[in-house]
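Quick note on labels: first sequence line is chain A, next is B, and so on, each numbered from 1. None of these values were measured; they are calculated from a predicted model.
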Amino acid sequence: MSLLATGVRIVGIVLAALLSCVTGAAAQGAQGSCPPPGTIYTFTDSSSIQALAGAAPPFCRFANVNGGQQVDLFLGAFSAASPIVQANIDVLTTLLPLQVGRSVQLARTGPADKGWQATVTVEKYETVEVPVGRLNCFVLLWTEPSGQGRWERRWWYCPALQYAAKYSARFEVTTPSGRVLTSSPTSWQLAGVRIP
Amino acid sequence: MLSGCASIFEGTTQQISVRTTPAGARCTFWRNGGLIADIPSTPGAVTIEKTKVDLFIVCDKPGYASATYVNRSGLAVATYANVLTLGLAWAVDSSRGADNKYEGQIDLSLSPNPMAVPIVQGPPPLPPEPVAPATPPRTRGAAPPPPPPAVAIPATAPASPQIECTSSDGSHVRMTGTACPAGWARAR
């Protein structure tokens with residue numbers, strides 16, 4: 001009897017833990033979930049941003065510590081000022097709660113050669129090592145055709161941080177000779193967190 | 001930062017000026033995989049044909065990481081913008097109604113990095129083609145003139161202790177402050 005009770009208790013604990021995981025994954029997508037105002041994130045490219053209050057959900061507001069520019073970001077990545085984000089914010093929010101494999105297509109109409117398409121995919125969930133420590137993050141992959149090539153941008157969005165701990169951009173283009181050139185021009189990692 | 005109103009548009013050609021910090025960098029202009037122009041030493045300018053094809057500008061200076069800038073035709077924005085300029089540049093450009101033209105004034109900062117190594121994938125024996133750096137250029141997109149900050153941001157923050165914080169999902173981060181934020185606990 002005692003063994004049975006212990007077994008039931010263990011199963012209960014396991015279920016509770018699983019439920020906790022699910023709840024945690026969903027909770028990160030809750031609207032209004034932003035870093036505490038005053039939090040300052042510093043990155044390896046020497047830039048710093050400060051969390052501000054006042055953004056309309058689902059965006060969070062930040063200011064560039066060096067220049068003062070403000071930007072409202074969704075999932076620490078997608079700017080409210082971007083026309084393609086503006087035009088597709090309802091689509092983007094269907095990514096919530098974040099779940100690996102979810103994907104959305106973004107489009108912005110324009111003249112024939114000025115149309116704009118992009119795809120955002122929750123590529124994976126992984127532990128990432130950055131200068132400030134170790135974080136469990138969703139990898140948000142933005143792919144966008146551009147000219148003869150395409151962009152891949154990745155943000156490692158960490159629910160516990162309510163921001164991205166890492167970013168990388170990669171551009172791939174095939175030259176007329178068939179050669180594939182790949183460049184990774186921009187990347188940064190979280191290098192500092194200052195709590196207000 | 002990029003100056004969005006400095007372009008000189010004449011017919012089918014356009015002048016593009018490049019400044020770098022520090023000056024004295026060699027900048028090459030690539031389109032469709034081919035070299036179309038270069039500036040032997042910045043600051044300088046070139047006149048190129050306007051097309052709908054993205055323009056790669058690669059600036060090199062000994063002792064510094066290469067800085068690569070993609071000048072997107074029509075959109076005329078820096079696609080190598082970091083998160084704080086992503087979208088802002090697009091918004092600015094969209095309001096200008098740009099079409100088949102490039103950003104006319106480009107400012108690039110070169111990061112000291114004597115070990116910078118380009119990343120190139122593909123068959124190696126072919127002649128040199130545009131190569132981008134492995135390290136991030138200091139490019140910032142065509143952001144609008146910065147509005148006054150909504151909050152006073154201290155130039156230098158007072159020294160605070162560093163603490164180790166853990167979150168319920170297992171994340172572990174070193175933070176500066178006196179207490180871990182909500183959702184985090186002090187690591188033992």
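Under the side-chain contact (heavy atoms from CB on, under 4.5 Å) criterion, B:S41 pairs with no residue at all, not counting sequence neighbours. In this structure, the side-chain contact (heavy atoms from CB on, under 4.5 Å) partners of B:T166, at least two apart in sequence or on a different chain, are B:H172, B:A185, B:A187.
Pairs engaging residues 70-97 of chain A under the salt bridge (charged side-chain N to carboxylate O under 4.0 Å, His left out) rule: A:R61-A:D72 [sequence neighbours left out].
Neither the backbone nor the side chain of B:A182 comes within contact range of chain A, judged by heavy atoms closer than 4.5 Å.
Heavy-atom neighbours of chain B within the stretch residues 122-132 of chain A, taken at a separation under 4.5 angstrom, comprise A:Y125, A:P131, A:V132.
Side chain of B:W184 to backbone of A:L161: no donor-acceptor contact under 3.5 angstrom is found.
One hydrophobic cluster holds both A:W142 and A:L140 under the rule that ILVMFWY side chains link at heavy-atom gaps under 4.5 Å. No chain of hydrophobic side-chain contacts below 4.5 Å, direct or via other Ile, Leu, Val, Met, Phe, Trp or Tyr residues, connects A:V91 to A:L141.
For the options B:G177, B:S171, B:S167, heavy-atom pairs under 4.5 Å to chain A are most numerous at B:S171. In terms of heavy-atom pairs under 4.5 angstrom with chain A, the leader among B:S168, B:G183, B:G170 is B:G170.
Of all non-hydrogen atoms in A:R134 and B:V173, the two that sit nearest each other are O-CG2, 4.5 Å.
A:R194 CZ to B:Q162 CD: the interatomic distance, rounded to the nearest 0.5 Å, is 8.5 Å.
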